[in-house]
Colleague: 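Below is the structure I would like to discuss, written out as structure tokens.
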Amino acid sequence: MARVTFREERCKGCELCIAVCPEKIIVLAEHINAMGFHPATVVEQEKCKGCAMCARMCPDVVIEVEREVAEA
Amino acid sequence: MARVTFREERCKGCELCIAVCPEKIIVLAEHINAMGFHPATVVEQEKCKGCAMCARMCPDVVIEVEREVAEA
Amino acid sequence: MSKILMKGNEAIGEGAIRAGCRHFFGYPITPQSELPHYLAKRMPEIGGVFLQAESEVSAINMVYGAAGAGMRVMTSSSSPGLSLMQEGISYLVGAELPCVIVNIMRGGPGLGNIAPAQSDYFQSTKGGGHGDYKLITLAPESVQEIIDLMAKAFDLGDQYRTPVMLLGDGILGQMMEPVELGEIQEVKQAAKPWAATGMRGRGKPNIINSLYIDPEDCENINKKLFAKYAQIAAKEQMWEEYQLEGAEIVLTAYGTAARICKSAVDKARAKGIKAGLIRPITLWPFPGSVIARAAETAKCFLTVEMSMGQMVEDVRLAVNGTCPVYFYGRTGGVVPLVSDVLAEIEKLVDGGDRE
Amino acid sequence: MSKILMKGNEAIGEGAIRAGCRHFFGYPITPQSELPHYLAKRMPEIGGVFLQAESEVSAINMVYGAAGAGMRVMTSSSSPGLSLMQEGISYLVGAELPCVIVNIMRGGPGLGNIAPAQSDYFQSTKGGGHGDYKLITLAPESVQEIIDLMAKAFDLGDQYRTPVMLLGDGILGQMMEPVELGEIQEVKQAAKPWAATGMRGRGKPNIINSLYIDPEDCENINKKLFAKYAQIAAKEQMWEEYQLEGAEIVLTAYGTAARICKSAVDKARAKGIKAGLIRPITLWPFPGSVIARAAETAKCFLTVEMSMGQMVEDVRLAVNGTCPVYFYGRTGGVVPLVSDVLAEIEKLVDGGDRE
Amino acid sequence: MLEEILIAGFGGQGVLSTGQLLANAGMIEDKHVAWIPSYGPEMRGGTANCGVTISDEPISSPLVTEPTTLIVMTRPALEKFEKAVVPGGRILINSSLVEQDVKRDDVTVLKIPANQIAEEIGNPRVANSVILGALIKLTGIVTIESVVESLKKVLPPRRHNMIPANREALERGAQLAEELG
Amino acid sequence: MLEEILIAGFGGQGVLSTGQLLANAGMIEDKHVAWIPSYGPEMRGGTANCGVTISDEPISSPLVTEPTTLIVMTRPALEKFEKAVVPGGRILINSSLVEQDVKRDDVTVLKIPANQIAEEIGNPRVANSVILGALIKLTGIVTIESVVESLKKVLPPRRHNMIPANREALERGAQLAEELG
Amino acid sequence: MMKKVFTRPKALTDKPFHYCPGCTHGIIHRLVAEVIDELGVADNTVGVCPVGCSVFAYNYFNVDMFQASHGRAPAVATGIKRSLPDRVVFTYQGDGDLASIGTAEIIHAAARSEKFTTIFVNNAVYGMTGGQMAPTTLLGQKTTTTPKGRDKEQAGFPVKVAEMLSTLDGAAYVARVSVHNPTHVNKAKKAIKKAFEVQISGQGFALVEVLSTCPTNWGMPPNEALKWLEENMIPYYPLGIYKEPAEVK
Amino acid sequence: MMKKVFTRPKALTDKPFHYCPGCTHGIIHRLVAEVIDELGVADNTVGVCPVGCSVFAYNYFNVDMFQASHGRAPAVATGIKRSLPDRVVFTYQGDGDLASIGTAEIIHAAARSEKFTTIFVNNAVYGMTGGQMAPTTLLGQKTTTTPKGRDKEQAGFPVKVAEMLSTLDGAAYVARVSVHNPTHVNKAKKAIKKAFEVQISGQGFALVEVLSTCPTNWGMPPNEALKWLEENMIPYYPLGIYKEPAEVK
Ligand SMILES: Cc1ncc(C[n+]2csc(CCOP(=O)(O)OP(=O)(O)O)c2C)c(N)n1
Ligand SMILES: Cc1ncc(C[n+]2csc(CCOP(=O)(O)OP(=O)(O)O)c2C)c(N)n1
Ligand code: SF4
Ligand code: SF4
Ligand code: SF4
Ligand code: SF4
Ligand code: SF4
Ligand code: SF4
Ligand SMILES: [Mg+2]
Ligand SMILES: [Mg+2]
């Protein structure tokens, strides 16, 4: 299980995360944030594998990724 | 037959010509020129082969070389 | 002729082209970049040369090359870039090469910002570079005046064999105003027999040089320069008088600051205050004579600059103690408001000796 | 303490070391090269850094780095090199970084020559770089005074967080004179909590910066600088008065020119002419107050410079029309003779209004 | 007559060219005009503002610091410049993009759903002309004819097919201003 | 007392260090002294001159433009500087190197075969000290002792073995000056 | 247990970047910050930012910072490192800054083998000043000063910085990387880390050239810009390690 | 019949050089003049001299000349050539001038492939200003600013100009030659001639690095200096043609 969190107010809607998500679960939201951009958001959280591809490409460090890991 | 001519007043006595003359016929003169250097001079003109090695190395363009050439 | 709306920076480019300039070397910097953009398009159209240099240091030395080769040549930058050109400018002066250098000033010191300012007056007029010299410095206040002064700049440069500075602020560079360009005319350029262009039968080499190893020679070239400067100072002072008739409070300001002062003078006059303005158009030669003349009857002077006070020193030198010279300035990219200037004028009405 | 014979350029180096300077970045140029030569030897001996930069532009930016890191740091050059440093100096001012910059002036403009001159006064004192600023400028006249002023230079720099210029001419750099060095003492340096040295537990980053994108901020930093300048002008003016008592003809000159003037004053006094000298030691802050005071009783002023006339403007501003200010200058590396200056003084005795 | 107009919005909204169009129209009518952009290094693709001054007298400073009319295209623009408008001045809001209300009551406020009207016209690009039309109606600084004239000059020939839609937009804007005003 | 001495010759002849030695001696005697080289970019290895001023009063300019004493080591130096000497001044010529005569008759001329004397002493390097000895005798600006003192300071310890020869040279020079003067 | 596998590095402040949407300056900033975190040197690091779009980088890195004049960051870094040899010093420079006006400074810092690390962001254009040609602009590429595309007759050839610096004996580590996809972002991070390590172990000057996009001035949407980078820049600017210190030293 | 087989080239004026005895600047001047003569372009040539010992070169070449500010000869030459494209333009620069302060200018002239010819005199030292370290000073070499010999830790590594410039696509011809004996003087002349021809045929930027002596600042007699050059400089600065235009173009 994994979870991605977007700091929406910082998203500039550049779509870099969208392009790299292997699960194609990120889209731009309908609404506009304070900066005037349609922020990226995840539509099917449960499909997220926590690969962090999106986060790695995000130029604005909008995305945080959590993943289930075996307790060490 | 060949002839080397030195513009003595321009010679700085650097000895570069002396070092390269294959016939070892260039020496520094006893006297001093207006600039205060012992100028280079040829001692046995007749031994000169007109190879112009001396002239080619002279940094002050002191030396002119003439040589007998077959009429073209 | 019909007018067109034009940006100040573009007008500098078009004005230069119309003045016969076909060579531009420059390095990008805000707020003057529209000038290189414009010339990057225009120069190839008319067979001219636009070249983006690797730095301002290079640009001014390319100018040195082209000027020495006899071309009408220009470079342009903004404050920090001008600082980098100071050695090159000093060389141009020493070798007596004509060219036009544009400074669209921004807030300083250091990186400062890109907002309009007038804080490079000293650098331009007193010699930011080393050695004794003066730089003809022209300060337009409008886009139309830019066009007119560009022609003047190249002519003065060639006539006196000297670099000429065109000094404006970011507002002047960025704003659009209507201009009348007129027909493009063939520019009569004086021959430059001194230019180093390859001898081509001349028999004797021409040498472009500012090295005078013997101090006496070097002093002589300085004296020659200063004889030229004396002539320029006598003949080439330019200024505008605005509401000067009977003015008791004489404002002095140039460029954008002068436009603001004009409005302030109008408002003051409307209130019955006898204010007037002298607007130097040549910052060097500084129009000291007209200021000295005005000082004979004025109650006081008020110099307004977008700086902490630079031209005010020249005003003081011209006034020479005859009456007080006050200063109002905003700097770092802040532009004074008409109302601020008016308030300063009003302060001077009662008393005139604050400080 | 015993005296030793020392070259001016070397004294600058030794003076800097004794003032706690351990970092030097510079680029060779005549007539100051003995300074880097000296420090290339000395710095390694005392664990300091001597680095030959690839250019003056680099050198001044290395200074920026070291100064921002909290070091007492120095660079040195001569006229053309100083022109190249103008952008960097403006940055140092904007970021409020202390350092010492040496200019051993030579003949200009352009490549000029390597003979002694004083024609970079404007560049140093009015701001050769862009933006509104002032540079504390110290002008020693002897090798001993160099040693004393080097300590002062570093102290003033640190105290006011400002670059300081040491301005001399080729004679000052090249001549040897006896100096008393005294013991090497531990230098008390104030802490520099603003320096960017790595946070090391500080918690909040320190930033060395001269960018103020908002004009209001940029204006505020300018105001802050000028408040500092006002304080410096009030507290730090330095000058020497020589035979000023009852002087009718007041000479003003600095550095080497001042030494020549002293002899001329002596000779004039011997002839019964009431001449005296004010020698500014700080060129900025210019000791205008003492000049204004002297102007109250003087018949006239005579400014002597190894230039076409630069400091004379500041003298005129200080005298403010009270009495005439005359000028005698030699430039381009020519050094005025005592007899020439005496002749100028004598001209002023009868009449005093040549020109 | 002196109108100092500040047009404020977002890069890409045509803010700068709308200002130029207006200035051009003023010039055609032989008025004194000046146009100036803000050129701060705000985030690129971010804020874009320009000032247009149209006057019978020579213009002192082209900077518009106290606009007689403010045209806003984004919320931040409204927040930033609302205070600057002279008392008695006007604020024109593109209400298709800005929902907020003006807090001041000493200015005339006009809300124009410019994008909506533009879409009605069938050309989303002419939204700015709708606002311009309203401005013209309210101030009378230039005529619609002059703006159309300017368009002819400013647009490259291949874009002249845009002119009718723009004219319509200008007229719709003017009409709306009439109704609302 | 004010002596302004110009020493002029060729690079490598020890012109500059001779001047420094003299200035050092003056300093030891608590006189005001200054030394300055010419630093023109003449041909390297070419001309080398320096000025030494020794005075009871503070020194104005250290430049020696009108020497009271001229010491010359080369013909070009004599030609160049002969005219500059003050009337009544002195010209000391190293006659081992310079054959010419001085044209002026308002100066005292002393020809010293310095190299020859140095070779007599057995150390060609002390030629300059011979001339210095003569100068000291003629002017009395410093004592031979002070010059020897200076040598101790200026020479690195491993060269202190040169001091006796120098002292001898100084004395021979002084003696010669006495005879000729 | 849920664990954060990707989060904001501590060596970044919390200020939002001012960069345009999709501008890869942001990615590169983050990578530098991640490396600083991983090496645990934030408290001992001094950064130098240039004039260019990254001029405000001093607001973003949570370390002591200098803002340097245009092109002179290597000289500034030299001044810092010579003053504080035990600190970690890095510069962050654009291609106009480093490869045009600052050419002499970077070459001589490399020649002297100054022990600092340079992150060189090659986006083939002057971003900040409005899209003028950079020394790295490709032939044919349109910019505001090459409106018809860069023409070699008029404006010459693009400069290959990594190749050029590799000729210098003082350059200890030189690599060229790209950030056009996650794989390359990872590689870029490795190179940056290595460049810091080379500095820290005293092996000399280290530089990483990072190919980057400028959607705004290239006039394309961010994802298209990444593709343009891959298809046009990489062929001219081959990726790889150009110089590396011998492992045993 | 007696014929002059070696005489003063016409492209030299009759002024004696001011160089020190045995300084090879004089040889290099003569070679340039010989090439100008052989190509018959004296009347169409403009030369640019630097700041350095060759600052007075404008007195020696019998062609139109510029004196350029320190390091900026390539920028000046660019200004000239862009103004007068049909003239033959050359610069003559020392190693302090070209490889230190003027690094950016030479690199960008080469990158732009400016059509002029540079004669680069590498004598491993600053001659004119009194023997300071140059970027080309060898490790261990003593100079007035490296009194104990150039130490790589302190002053870095010598810069190899020919190698560095060869990485630039705009550099059409780059060669390194020496003048330490007559054979190499001949080779040097050939390279210089080629560098002028490359310019004249419009093939782009051409540079010849000439290893040269500075007996004065190296502190050795001229012939020893030649030997020192051969034994110390050539191993670090290998001679040869580094770049050449393809014959058919
Ligand atoms: C001396 C000087 N010259 C010019 C400028 C203007 N300027 C600011 S940034 C820049 C170029 C930026 O391009 P680059 O280095 O490629 O950085 P990018 O914005 O692309 O990241 C220029 C020319 C300046 N600030 N200072
Ligand atoms: C801006 C500037 N900086 C420094 C100098 C001083 N300077 C003159 S020549 C020179 C270096 C000369 O060395 P190089 O270029 O190697 O020529 P060389 O004399 O060895 O032939 C320097 C540093 C100067 N004239 N101008
Ligand atoms: S972590 Fe991977 S799967 Fe999840 S949203 Fe991001 S890119 Fe998609
Ligand atoms: S990459 Fe980042 S900024 Fe871009 S759309 Fe995705 S979350 Fe937003
Ligand atoms: S020409 Fe040849 S043989 Fe004759 S002197 Fe010269 S080097 Fe000797
Ligand atoms: S090479 Fe020339 S200068 Fe040197 S000694 Fe021979 S002739 Fe004289
Ligand atoms: S202009 Fe280009 S480089 Fe600058 S922030 Fe925008 S996209 Fe990035
Ligand atoms: S100093 Fe060196 S380079 Fe200069 S002329 Fe003398 S020997 Fe030649
Ligand atoms: Mg870039
Ligand atoms: Mg050299």
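Computation of the quantities below employed the complete heavy-atom set of this structure, encompassing side-chain atoms and omitting hydrogens, waters and symmetry-equivalent molecules. Within every chain, numbering begins at 1; the chains are lettered A, B, ... in the order of the sequence lines, protein sequences first and strands thereafter.
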Colleague: For D/Tyr121 and D/Tyr254, take the angle between the two ring planes, folded into 0 to 90°, and tell me which bin it lands in: parallel under 30, tilted 30 to 60, perpendicular over 60.
Modeller: tilted
Colleague: Answer yes when D/Lys224 and D/Asp217 have at least one side-chain N-carboxylate O distance shorter than 4.0 Å, and no when they do not.
Modeller: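 No, no charged N to carboxylate O under 4.0 Å.
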Colleague: With a 4.5 angstrom heavy-atom cut-off, is it the side chain or the backbone of C/Leu211 that approaches chain D, or both, or neither?
Modeller: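 Both backbone and side chain of C/Leu211 come within 4.5 Å of chain D.
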Colleague: Hey, what do you get for OH (D/Tyr133) to CZ (D/Phe226), rounding to the nearest 0.5 Å?
Modeller: 10.5 Å
Colleague: Do C/Phe301 and C/Val312 have side chains that get closer than 4.5 Å, going by heavy atoms?
Modeller: no
Colleague: Rounded to the nearest 0.5 Å, what separation is found between the CG atom of D/Asn103 and the OG1 atom of D/Thr75?
Modeller: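 If we round to the nearest 0.5 Å, D/Asn103:CG and D/Thr75:OG1 are 10.5 Å apart.
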Colleague: Do you know which of D/Gly107, D/Gly88, D/Ser307 has the most heavy-atom pairs under 4.5 Å to chain C?
Modeller: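 Result: the option with the highest number of such pairs is D/Ser307.
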Colleague: Identify which part of C/Glu313 has an atom lying under 4.5 Å from any heavy atom of chain D, answering side chain, backbone, both or neither.
Modeller: both
Colleague: Under a 4.5 Å heavy-atom cut-off, does chain C meet the side chain of D/Ile89, its backbone, both or neither?
Modeller: neither
Colleague: In terms of heavy-atom pairs under 4.5 Å, which option from D/Asn320, D/Thr322, D/Asp132 contacts chain C the most?
Modeller: D/Asp132
Colleague: State, yes or no, whether a side-chain contact exists between D/Pro31 and D/Ser78 at a heavy-atom distance under 4.5 Å.
Modeller: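 Result yes, sub-4.5 Å side-chain heavy-atom pair found.
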Colleague: At a heavy-atom separation under 4.5 Å, does C/Ile221 approach chain D through its side chain, its backbone, both, or neither?
Modeller: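 Interface part for C/Ile221: neither.
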Colleague: Please rank D/Ala117, D/Pro116, D/Gly332 by heavy-atom pairs under 4.5 Å with chain C and give me the top one.
Modeller: D/Gly332
Colleague: Got a salt bridge between C/Asp169 and C/Arg106, using NZ or NE/NH1/NH2 to carboxylate O under 4.0 Å?
Modeller: no
Colleague: Would you say D/His130's side chain and C/Ser119's backbone share a donor-acceptor pair under 3.5 angstrom?
Modeller: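 No; zero donor-acceptor contacts below 3.5 Å.
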Colleague: Can you tell me which of C/Ser83, C/Ser90, C/Gly321, C/Ser124 forms the most heavy-atom pairs within a distance under 4.5 Å of chain D?
Modeller: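 Ranked by heavy-atom pairs under 4.5 Å with chain D, first place is C/Ser83.
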Colleague: Are any side-chain N or O atoms of C/Lys134 and backbone N or O atoms of C/Lys126, one a donor and one an acceptor, separated by less than 3.5 Å?
Modeller: no
Colleague: Between D/Gln123 and chain C, with a heavy-atom cut-off of 4.5 Å, which part of the residue counts as in contact: side chain, backbone, both or neither?
Modeller: both
Colleague: Report yes or no: does D/Asp340 contribute a side-chain atom to a donor-acceptor pair with the main-chain N or O of D/Pro336 at less than 3.5 Å?
Modeller: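 No: the side chain of D/Asp340 does not pair with the backbone of D/Pro336.
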Colleague: Would you confirm whether D/Gln32, through its side chain, and D/Ile104, through its main-chain N or O, come within 3.5 Å as a donor-acceptor pair?
Modeller: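 Such a contact is absent between D/Gln32 side chain and D/Ile104 backbone.
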Colleague: When you compare the side chain of C/Thr252 with that of C/Ile291, does any pair of heavy atoms fall below 4.5 Å?
Modeller: yes
Colleague: Just give me the residue among D/Leu84, D/Asp120, D/Val319, D/Thr331 that pairs up with chain C most often, heavy atom to heavy atom, under 4.5 Å.
Modeller: D/Thr331
Colleague: Among D/Gly329, D/Gly108, D/Cys218, D/Gly333, which residue has the highest count of heavy-atom pairs closer than 4.5 Å to chain C?
Modeller: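 Result: the option with the highest number of such pairs is D/Cys218.
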Colleague: Do you know which of C/Gly127, C/Gly112, C/Ser79 has the most heavy-atom pairs under 4.5 Å to chain D?
Modeller: C/Gly112
Colleague: Tell me every residue that passes salt bridge (charged side-chain N to carboxylate O under 4.0 Å, His left out) with D/Glu305, counting only those two or more places apart in sequence or in another chain.
Modeller: none
Colleague: Sort by residue number and list every residue of residues 91-98 of chain D having at least one heavy atom under 4.5 Å from chain C.
Modeller: D/Tyr91, D/Val93, D/Gly94
Colleague: Where does D/Leu317 contact chain C at under 4.5 Å (heavy atoms): side chain, backbone, both or neither?
Modeller: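 When you check distances to chain C, atoms from both the backbone and side chain of D/Leu317 fall under 4.5 Å.
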Colleague: For the interface with chain C, which of D/Ala115, D/Gly129, D/Ser210 has the highest count of heavy-atom pairs at distances below 4.5 Å?
Modeller: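 Highest number of heavy-atom pairs under 4.5 Å: D/Ser210.
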